[in-house]
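For reference, the structure is listed below as structure tokens.
Below, each value reflects all heavy atoms present in this structure, side chains not excepted, and no hydrogens, waters or symmetry copies. All of these numbers come straight from a predicted model, not from anything done at the bench.
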Amino acid sequence: MSASAVSREGHHQPDRAREGALRPEPVSAHDAWATPERRALRELVADFTTREILPDLERWEDEGALPRALHERAGDLGLLELGFPETAGGVGDHLDACLVAEQLILSGGSSGVCAGLFTHGIGVPHIAAAGDEEQIAHFVRPVLAGRAIASLGITEPEAGSDVAAITTRAERDGDDYVVTGAKTFITSGTRADVVTTAVRTGGPGHRGISLLVIETDRPGVSRSRLRKMGWHCSDTAELRFDGVRVPATNLVGAEGTGFRQIMVNFAAERLSMAVQAYATAQRCVDLTIAWVRARQTFGSPLAQRQVVRHQVAEMARETAVARTYVRDVMARWQAGQDVVTDLAMAKNTAVAACDAVVDRAVQLHGGMGYMHGVEVERHYRDARILGIGGGTTEIMNEVVAGRLGLDA
Ligand SMILES: Cc1cc2nc3c(=O)[nH]c(=O)nc-3n(C[C@H](O)[C@H](O)[C@H](O)COP(=O)(O)OP(=O)(O)OC[C@H]3O[C@@H](n4cnc5c(N)ncnc54)[C@H](O)[C@@H]3O)c2cc1C
């Protein structure tokens, strides 16, 4: 296939990969992913992705951010409220939210789009769960409607994996907190209207951490855009708080409960990232199958070379294992079982599958796989963050090792 296979917008969309975007779900024990309602949701997301995202995705990648109008459209379609409690204006469960991300990627979107468009999935669940009615009305409902953007601010220049080491300080002063410190690598941070921020209200360690919602238009808040390897359409910021006065009514839950709230929500975030990892892998399998069937070398299609066929078979196998495992853990997590160990292992399994698959997808595309604007090239760059964000691969292994009794 020649460079003409790359369309004017730069998207590489072989017909067969497009067909694959809405493939029938394999009939299995995992029926929860294929109920009539969820099939309808898939079709809605596939249509939304095709009409509202794909025509402009390359431009947003170049511009470094998604437009607010996309949030409004997603809000109007009811895609942002999925997985939130009804008391906060939500509907459905976390599987619905993950299915939306999965289908968006299978339809030619990306984990970068998911990061930017669904940042609320990490930004406001704490408020929905522990906030009072006024906080929910003020901070959660507008975000679920797509009329406001929320971020989560935990990571600092000197504290990432070690959340308990954060130093951003919130000192009580009358009816306000006065916040001083910095956050970094904050997804949607250049556009966010509100940031659910981990602050230190007490002494050292995890018990001194609270969650405070900080509106970004408050005096003393400044932010700068960070450039990065992938997720180009998802803006990332460093935030600085220089004596920012925030009403004490913005505190989410009680003082000192921030760390626990963060850890509870990590489970949903990790599941979501695991789903994005296997979905990215599946999309790259689909794109690679279309490519190797069409691309001719030495007089025959790549798909006829045994070494190529076996690589594609391995890509499909690794993806299937990841999908099956992640969905199984999701089902057990939703049933209320303790899946801490499996969740960490499932994220690592999905990330490893994704890393291996995107690498082989680029290799099998040859020079075309290295070209900017070709879809597998974007997935290759985007995939690299999945083993870093939401708890690194090493931290996941630490969780597993601890549960295996190696701490003693
Ligand atoms: C694109 C992007 C978006 C992000 N979005 C957000 C966001 O919206 N909000 C937010 O708060 N944060 C966000 N982050 C931050 C992300 O969560 C952190 O980068 C991540 O948790 C790792 O922290 P760190 O970068 O400080 O690395 P470090 O904690 O410094 O770790 C560096 C390396 O050491 C390893 N390591 C650390 N501790 C151990 C240990 N005990 N044993 C073995 N190995 C160890 C790590 O696995 C890693 O390989 C984002 C990051 C990126 C790149």
Side-chain angles (χ1 to χ4, degrees), residues 60 63-72 74-75 80 88 115-128 130-132 134-157 159-160 166-171 173 175-201 209-228 231 233-253 258 261-262 265 269 389:
W60 298 335
E63 291 171 356
L66 299 175
R68 277 181 182 263
L70 189 67
H71 292 256
E72 291 172 11
L80 303 182
L117 184 57
F118 305 137
T119 319
H120 70 293
I122 58 170
V124 293
H126 326 75
I127 314 175
D132 57 40
E134 201 162 319
Q135 289 177 336
I136 288 171
H138 212 66
F139 300 129
V140 181
R141 288 180 187 273
V143 167
L144 301 193
R147 266 57 190 175
I149 294 174
S151 287
L152 176 67
I154 300 175
T155 306
E156 301 183 350
I166 63 148
T167 59
T168 294
R169 187 90 219 158
E171 295 284 355
D173 183 29
D175 291 337
D176 295 336
Y177 286 100
V178 179
V179 182
T180 304
K183 297 289 173 184
T184 196
F185 308 148
I186 304 307
T187 299
S188 297
T190 71
R191 301 176 302 145
D193 302 295
V194 294
V195 182
T196 303
T197 311
V199 293
R200 189 162 294 287
T201 49
I209 296 174
S210 302
L211 285 183
L212 191 65
V213 183
I214 303 180
E215 297 94 335
T216 51
D217 59 359
R218 290 195 176 277
V221 177
S222 58
R223 39 190 176 176
S224 52
R225 181 184 295 266
L226 300 172
R227 297 185 66 204
K228 54 196 187 301
W231 277 12
C233 66
S234 167
D235 61 297
T236 307
E238 176 151 315
L239 309 175
R240 304 202 76 83
F241 305 113
D242 187 9
V244 180
R245 294 196 84 86
V246 181
T249 49
N250 283 17
L251 188 73
V252 183
Q261 293 186 58
I262 291 166
N265 283 288
E269 181 180 1

Does anything in residues 139-150 pair up under salt bridge (charged side-chain N to carboxylate O under 4.0 Å, His left out), and if so which pairs, sequence neighbours excluded?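 Qualifying pairs, neighbours excluded: Asp76-Arg147.
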Residue pairs, two or more places apart or on separate chains, that pass salt bridge (charged side-chain N to carboxylate O under 4.0 Å, His left out) and touch residues 180-189: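 Non-adjacent pairs meeting salt bridge (charged side-chain N to carboxylate O under 4.0 Å, His left out): Glu156-Lys183.
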Check [X] against [Y] and note the closest heavy-atom contact, atom names and distance.
| X | Y | answer |
| --- | --- | --- |
| Thr196 | Gly123 | OG1-O, 2.6 Å |
| Asn265 | Pro125 | OD1-CB, 3.2 Å |
| Leu212 | Val179 | CD2-CG2, 3.6 Å |
| Ala115 | Ser188 | O-OG, 4.3 Å |
| Tyr177 | Ala170 | CD2-O, 3.8 Å |
| Gln135 | Thr249 | NE2-O, 2.7 Å |

With the side chain counted from C-beta on, respond yes when His138 and Val194 share a heavy-atom pair under 4.5 Å apart, and no when they do not.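 No; the side chains remain at least 4.5 Å from each other.
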Ignoring hydrogens and angles, tell me if any N or O in the side chain of [X] forms a donor-acceptor pair with the backbone of [Y] under 3.5 Å.
| X | Y | value |
| --- | --- | --- |
| Asp235 | Gly64 | no |
| Arg245 | Pro219 | no |
| Asp132 | Glu134 | yes |
| His71 | Ile149 | no |
| Thr197 | Val213 | no |
| Lys228 | Phe185 | no |
| Arg200 | Glu171 | no |
| Arg223 | Ala192 | yes |

Do you see a donor-acceptor pair shorter than 3.5 Å between the side chains of Glu238 and Thr184?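 The answer is yes; a qualifying pair exists.
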Test log, rule side-chain contact (heavy atoms from CB on, under 4.5 Å), inputs His126 and Leu152: CA-CA 10 Å; His126 326 75; Leu152 176 67; 3.7 Å; yes
Derivation of the side-chain contact (heavy atoms from CB on, under 4.5 Å) call for Ser151 and Thr187: CA-CA 6 Å; Ser151 287; Thr187 299; 5.7 Å; no
For Arg68, is there an ion pair with Asp193 - N to carboxylate O distance below 4.0 angstrom?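 A salt bridge is present here (some side-chain N lies under 4.0 Å from a carboxylate O).
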